[in-house]
Protein chains: 2
Amino acid sequence: MAATIKDVAAAAGVGIATVSRVFSGNGPVGAATRERVLAAARALDYRPSAAARSLKTRGAAGIGLVLPGLDDPFAAELAEGVLAGARDHGEHVLLDVSGGDPAREAAAAARFAEQRVDGIVAVPAAATPADAAAWADVARACGVVFADRVLPGAAGIPSVLADDAAGVRVLVEYLAGLGHRRVAFLGAAAPGAAPGVRERAFRAALREAGADERDAVAVPARPNRDSAYAAAAGLLQSRADVTAVVASGHLLGEAAVLVARELDLRVPGDVSIAMVDDVPWAELCDPPLTAVARPARLMGQRACDLLLRDRARRPAAPAPLPAELVVRGSCGPPRQARGPR
Amino acid sequence: MAATIKDVAAAAGVGIATVSRVFSGNGPVGAATRERVLAAARALDYRPSAAARSLKTRGAAGIGLVLPGLDDPFAAELAEGVLAGARDHGEHVLLDVSGGDPAREAAAAARFAEQRVDGIVAVPAAATPADAAAWADVARACGVVFADRVLPGAAGIPSVLADDAAGVRVLVEYLAGLGHRRVAFLGAAAPGAAPGVRERAFRAALREAGADERDAVAVPARPNRDSAYAAAAGLLQSRADVTAVVASGHLLGEAAVLVARELDLRVPGDVSIAMVDDVPWAELCDPPLTAVARPARLMGQRACDLLLRDRARRPAAPAPLPAELVVRGSCGPPRQARGPR
DNA sequence: CCTCTGTATGGAAACGTTTCCAGTCGCCGG
DNA sequence: CCGGCGACTGGAAACGTTTCCATACAGAGG
């Protein structure tokens, strides 16, 4: 159906090698010949086959991008960064989302590897050793770079990270400076599980600010809307002694705002709220939400660079990218305890 | 470097045809032979080359997705729909964003066509006849389906649309029912340009509700944050007689909410606000924003289906998908005029 | 015992490029 | 006038698959 290089060669009365040279720009071609070839190609609506080309040259197969979902503004912005990075390198991007399901994630990665992508950028949802093994398997076929996550079992796969610890520390220092002592961390690890970097940074910073061990209130939550809401409701209903809430993600921040409104708590009058991840609606809240902004776009771009440019001397743990505290109106001095206990 | 089918055949002591049959599942293969081949493939970490396969079979090259950007929640959800549709058909998705620039958009589309994608789904930013011609050119090489837009000059390219007209009509009827007469439409076409479907539906519905011609206040705005903000500010500062605002997009809705807050207008006490496009933060607003919800995910999926399944008898204008009014707290009965004029 | 059908297998020809290797031609310096 | 030496061109061999065709063999039916 579609015209091939052979058709063009015949139409222009030249050899196929010449047509190839015209389009790939490799060898020398006479000006008149080139014109004739171009005209024939236009007439036939010829477009070179990327499949044949990449079969022959084993080049430019694109890079794969695997995300939990696009509904998260952080992920979306990271994706735009990857897109920008890929464009800089003249590569295209294959996208798939996992919906947080490690099985779908592994399937997507395997599929990309089969497409002979030059590399894969992923925000993995995986957590179990089996998942990590699947990723290690993929990494043997093509380069893999994680963004915003580290996967314990998958040694040798570098991660591009934001400096969450520093961001949380600055946020806690800010709250402590306002006078808060009893602060809750919304989105802690389940009891017994190892706490993440954000939770550890939270505890350390609060201790450094002179707070008691019991002042650090850790509220576990799993990363979905319902769990976030339940956690926020449980916290704000039962712990009237807490004067500030640090939400470990925008889903949790959203839940905290919603619950506070339903309980008729004033922000920041009754309780101060801040969160990690600066999303567009943080500005639209009333009051606008103080947040730790993480450079999502830059992270995507860096992941691309790591994959495509620094493939030789790929550092296992590149320096984390700076996170920045964006102060808005949702935090203020603490009021007296709201009730007993 | 990577193992080929020939290596596997040699390692397993069989012919290459047999290995091919094992992996493509086309011909019959003895159970013992299959096991031997699979073992050899595992040992060599063999993965079939998608390039070679699609060269030979001219199949499954994926589908291209071109969006203005991922920061728009509507676009992001539409993309998830396309992803889901593609997965159903066993296709993968190539993504690129244009940032609203017709040139980048055309380049992305041409690139995808060269990749021999089975088709392209796009939310085009293009508008000029030249842009339309570029799209028509691409459409000759592979199937194209537009989503959420129609491009006047590009005949023969079908569009998947939501029933914006019905959505706006229901919204205006709702406002009229609350008692509003003088209503502003934020996001009208520039004076002299042809008004879009939403604006036309707005005018018609308001007239039907018994309002005067002068009651329909059209405020032009271009599709970016700054212009939206300027338009909203201009409207709310100068037209105190307007009791309700219909924003023709979430950017404009956001601007209206922000400006109203800055001017200390109470919503819906002083002015009612509603918008087209239900985005997550609509629920987080105080008060939550009434909006016309459009089925973005479904639109993406339908676009995919149109491209991959109904390619033969592709209807030029499939029935628009229903939009739904989601009533929240941002609209109420009109108050007396806020001031003179 | 011979043929016939069916299942397993291998060889080889495509698919549309790129690129190596020759070959043709015009032109310059000797 | 001739030996190169460029610039330009065409033929053909890959690249890694799929698939058509031929072959081999086993069992069934005559």
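As a basis for the values below, the full set of heavy atoms in this structure was taken, side chains included, without hydrogen atoms, waters or symmetry mates. First the proteins, then the strands, lettered A, B, ... as listed; each starts at 1.
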Measuring from B/Leu55:CG to A/Leu55:CG, what's the distance to the nearest 0.5 Å? 5.5 Å

Could you tell me how far apart A/Arg47 (CZ) and C/dC15 (P) are, to the nearest whole angstrom? 21 Å

Between CD of A/Glu114 and P of D/dG16 the distance, given in whole Å, is 15 Å

So does A/Thr18 get a side-chain nitrogen or oxygen closer than 4.0 Å to the phosphate oxygens (OP1/OP2) of D/dG10? yes

Would you check if the side chain of B/Arg36 reaches a backbone N or O of B/Ala12 as a donor-acceptor pair within less than 3.5 Å? yes

With a cut-off of 6.0 Å (strictly less than), are more than 12 heavy atoms of other residues, nucleotides or ligands near CZ of B/Arg294? yes

Give me the one residue out of A/Thr18, A/Leu44, A/Ile16 that meets side-chain contact (heavy atoms from CB on, under 4.5 Å) with A/Val8. A/Leu44

Does B/Arg47 offer a backbone N or O that forms a donor-acceptor pair with the side chain of A/Arg116 under 3.5 Å? yes

Would you jot down, in residue-number order, the residues of residues 22-36 of chain B having a non-hydrogen atom under 4.0 Å from DNA chain D? B/Ser24, B/Asn26

Taken to the nearest whole Å, CD/B/Gln115 to C1'/C/dG16 is 14 Å

Using five pairs at either end of the helix from C/dC1-D/dG30 to C/dG30-D/dC1, determine the angle between the two local helix axes and round it to 10 degrees. 50°

note: A/Asp7, atom CG; C/dC15, atom P; distance rounded to Å ~ 11 Å

Give the rounded distance in Å between these two atoms: CG of A/Leu55 and P of D/dA13. 17 Å

Answer with yes or no whether A/Arg21 presents, from its side chain, a donor or acceptor under 3.5 Å of a partner atom in the base of D/dG10. yes

What is the distance, to the nearest angstrom, from the CD1 atom on B/Ile5 to the P atom on D/dT17? 5 Å

Verdict with supporting geometry, A/Arg87 and B/Asp96, side chain to side chain contact (heavy atoms under 4.5 Å, CB included): CA-CA 9 Å; A/Arg87 188 174 13 249; B/Asp96 209 348; 3.1 Å; yes

In whole Å, I'd like the distance from the CD1 atom of A/Ile16 to the P atom of D/dA12. 10 Å

Could you list all the salt bridge (charged side-chain N to carboxylate O under 4.0 Å, His left out) pairs where at least one residue sits in residues 5-29 of chain B, not counting sequence neighbours? none

Tell me which nucleotide among C/dG16, D/dT17, D/dG10 gets nearest to the side chain of B/Ala52. D/dT17

Measure the spacing between CZ of B/Phe23 and CG of B/Leu38 and express it to the nearest 0.5 Å. 5.5 Å

Using atom NZ of A/Lys56 as one end and atom P of D/dA13 as the other, report the distance to the nearest whole Å. 12 Å

Is the shortest distance from a Lys or Arg side-chain nitrogen in A/Arg297 or A/Glu80 to a carboxylate oxygen in the other one below 4.0 Å? yes

What nucleic acid atoms does B/Ser20 come within less than 4.0 Å of, heavy atoms only: base, sugar-phosphate, or nothing? base

